[in-house]
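Quick one: the structure is below, questions incoming.
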Amino acid sequence: MHPMLNIAVRAARSAGTVISRAFEQHDKIEIESKGDNDFVTSVDIKAEQTIIDTIRKSYPKHSIISEECGELKGEDSDYQWVIDPLDGTANFIKGIPHFAVSIALKVKGKLDQAVIYDPIRGELFTASRGQGAQLNNLRVRVKQHKELSGTILATGFPHKQKQHTDAYMGMFKDLFVQTSDMRRAGSAALDLAYVAAGRVDGYFELGLKPWDTAAGELLVIEAGGLVSDLSGGHEHVNSGNIVAACPRLLKVMVKNIRPHLTPSLK
Ligand code: 2AM
Ligand code: CA
């Protein structure tokens with residue numbers, strides 16, 4: 001295993017322990033509102049600190065960007081860790097056991113290493129650039145589909161950007177009538193990991209942040225899939241609007257999504 005992936009795994013497992021212990025004592029979790037429909041708990045912050053401490057111990061000069069701390073510039077800006085300590089915070093708060101730790105490393109702006117860890121199921125998704133994607137050390141691949149018929153797509157609702165509800169529902173409807181079914185589980189990181197593992201066939205969501213998707217993007221690519229913005233382009237990191245699937249299905253998904261794009265979603 002690449003030494004930096006090894007550190008990412010160590011950090012993700014330590015954070016996972018913090019999260020699952022806290023989940024067992026669910027009634028003691030302190031919740032704070034960051035804004036409309038946006039919450040942070042003492043657990044997000046503690047898990048994030050665990051990850052940052054683990055990375056800093058081995059790589060004190062690397063830069064870090066994380067959900068709760070924002071950007072921590074290091075002496076070495078070629079290496080940037082992108083961290084979501086608890087993706088699926090709303091599930092965690094409600095007691096729904098579906099959330100994950102997401103850690104990616106970018107080297108000179110390119111995704112290089114990725115870990116997504118589900119501490120409830122003990123599932124560890126890993127990827128290194130050019131080396132494929134694994135679930136608990138076994139190779140995984142995206143499912144191949146040429147059309148929507150027979151597929152299950154994962155998605156997330158634009159709950160923090162309700163101005164996009166009509167556009168989103170238009171996309172959802174056109175896709176839904178052609179698929180077998182949809183899933184809305186509440187963790188973007190796990191949605192992308194599940195695309196990589198072939199558990200769902202594709203995924204789309206609007207308004208995400210870089211730490212929601214960085215590790216998942218490398219996992220999907222290393223599992224033979226593609227990630228794009230809603231028009232099939234490369235703006236997803238800036239826009240936070242994302243589609244992921246095997247290359248042929250992604251093309252079909254984008255074809256169905258595109259007619260619903262409003263100027264602010266293009
Ligand atoms: P979080 O739990 O870390 O906040 C739910 O749809 C998924 O979307 C979660 O992964 C959640 O991450 C993420 N998310 C973050 N910002 C969002 C936004 N502005 N709109 C929709 N989902 C968002
Ligand atoms: Ca997140």
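Whatever order the structure lists them in is the order used to number ligands and atoms, beginning at 1.
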For ligand 1, is there an N or O atom under 3.5 Å from any N or O atom of Glu205? yes
One residue to check: Asp84. Relative to ligand 1, which of side chain, backbone, both or neither has a non-hydrogen atom less than 4.0 Å away? side chain
Identify, by name, the N, O or S atom of Asp212 lying closest to the Ca ion (ligand 2). OD1
Please determine, by modelled atom types, if Gln178 and Asp174 share a side-chain donor-acceptor pair under 3.5 angstrom. no
Taking everything shown except Phe172 itself, do over 12 heavy atoms lie less than 6.0 Å from its CZ? yes
Report yes or no: do Thr155 and Glu205 form a side-chain donor-acceptor pair below 3.5 Å? no
Under 4.0 Å from a heavy atom of Arg184: which atoms of ligand 1 are those, numbered in the order shown and with their elements? 5 (C), 6 (O)
Under 3.5 Å, is there a donor-acceptor pair linking the side chains of Glu217 and His236? yes
For atom 4 (O) of ligand 1, the option (of Lys209, Lys162, Lys160) bearing the nearest heavy atom: Lys160
Give me the one residue out of Gln144, His145, Lys143 that meets side chain to side chain donor-acceptor pair (under 3.5 Å) with Asp201. His145
Near Thr89, which atoms of ligand 1 are under 4.0 Å from a heavy atom of that residue? 2 (O)
Going by heavy atoms, is Asp191 under 4.0 Å from ligand 1? no
Check this for me - ligand 1, Gly207, N or O atoms closer than 3.5 angstrom, yes or no? yes
May I ask you to check whether Asn91 and Ser187 show a side-chain donor-acceptor distance below 3.5 Å? no
Pair Asp53, Thr50: side-chain N/O donor-acceptor within cut-off below 3.5 Å: no
Look at atom CG of Asn238 and say whether more than 12 heavy atoms of other residues, nucleotides or ligands are closer to it than 6.0 Å. yes
What I want to check is whether the side chains of Thr126 and Gln134 have a donor and an acceptor closer together than 3.5 Å. yes
If you measure every N/O of Gly156 against every N/O of ligand 1, is any gap under 3.5 Å? no
Polar atom proximity, Gly88 to ligand 1 (N or O, under 3.5 Å): yes
Which ligand 1 atoms, with their elements, are less than 4.0 angstrom from a heavy-atom of Leu208? 8 (O), 13 (C), 14 (N), 22 (N), 23 (C)
Applying a 4.0 Å heavy-atom criterion (strictly less than), which segment of Asp212 is in contact with ligand 1: side chain, backbone, both, or neither? side chain
Salt bridge (charged side-chain N to carboxylate O under 4.0 Å, His left out) for Arg183 and Asp181? Distances and angles first, verdict last. CA-CA 7 Å; Arg183 294 288 180 270; Asp181 204 353; 3.1 Å; yes
Have a look at Asp87 and say which of its N, O or S atoms is nearest the Ca ion (ligand 2). OD1
Counting only nitrogen or oxygen atoms and a 3.5 angstrom limit, does Ser187 reach ligand 1? no
Check whether any N, O or S atom of Asp84, backbone or side chain, sits closer than 3.0 Å to the Ca ion (ligand 2). yes
For Ala188, take its heavy atoms, then give the atoms of ligand 1 lying under 4.0 Å from any of them. 7 (C), 9 (C), 10 (O)
